[in-house]
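To start, the structure under review is shown below, and the notes come after it.
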Amino acid sequence: MGDTVDTNANANAVGTGPDPAAMASGAPAHRSVSGGAAWETVGALAALFSGFDSGRGISAEEQWTLQVLKLTEEVGEAAQAVVGVRGTNPRKGRSHSWDQVAEEVADVVITGMVTLARMRPDDAPEYFASVLAEKSAKFLPHSGRS
């Protein structure tokens, strides 16, 4: 592996990722990816996986069930990474970094998006935007309100 430079001035004590406090501050750490491009990729993955499973004779509802199980597997991997970064498993000690936790969380998000696209192939992005607006309205102030 070549030399790398951590451009994040808030690296944690062992230099393995961003400082959790800095991450919680809400300051963007990376440029955002176009939602449309992300959903195009997710749609392509969903179609590929659905086609594969359909070719194996798996019903749509069974595919959705298996995809949700895959999502829970990814959540478990994220939790395992947190255990590793905190060193709470005495047999393994500190086995992960916060960057690895972030990657596992990204896997959860990707798998969740693919799951939604498999369940709602015709309107997943719009459905997601609608649910996000509804859920976030409970926490974020509305513009133009007194």
Item to check | Contacts of type salt bridge (Lys or Arg N to Asp or Glu O under 4.0 Å), residue R86, not counting sequence neighbours | outcome: none
Item to check | Partner residues of S50 under the side-chain hydrogen bond (donor to acceptor under 3.5 Å, both in side chains) criterion, sequence neighbours left out | outcome: R118
Item to check | Members sharing M119's hydrophobic cluster (side chains within less than 4.5 Å) | outcome: W64
Could you pull out all donor-acceptor pairs under 3.5 Å where a side-chain atom in residues 73-80 meets a protein atom, sequence neighbours excluded?
{"from": "E73", "atom 1": "OE1", "to": "K70", "atom 2": "NZ", "distance (Å)": "3.2"}
{"from": "E74", "atom 1": "OE2", "to": "K70", "atom 2": "NZ", "distance (Å)": "3.0"}

Checklist entry - Got a sec, which residues hit side chain to side chain contact (heavy atoms under 4.5 Å, CB included) with K135, two or more places apart in sequence or on another chain? => result V131, K138
Checklist entry - With sequence neighbours excluded, what pairs up with N89 under the side-chain hydrogen bond (donor to acceptor under 3.5 Å, both in side chains) test? => result none
Next on the checklist: My understanding is that only residues two or more places apart in sequence, or in another chain, count here; which of them pass side-chain hydrogen bond (donor to acceptor under 3.5 Å, both in side chains) with R91?
Outcome noted: none
Checklist outcome for this item: Sorted by chain and number, sequence neighbours left out, side chain to side chain contact (heavy atoms under 4.5 Å, CB included) with E126 holds for D123
Item to check | Results of side chain to side chain contact (heavy atoms under 4.5 Å, CB included) for L71 - residues two or more places apart only | outcome: V108, T111, T115
Checklist entry - For F49, what residues pass the ring pair (Phe, Tyr, Trp, His ring centres under 6.0 Å) criterion, not counting sequence neighbours? => result none
Next on the checklist: Can you pull out every salt bridge (Lys or Arg N to Asp or Glu O under 4.0 Å) where at least one residue sits in residues 103-116? Sequence neighbours excluded, please.
Outcome noted: none
Checklist entry - Who pairs with S54 by side-chain hydrogen bond (donor to acceptor under 3.5 Å, both in side chains), at least two apart in sequence or on another chain? => result Q63
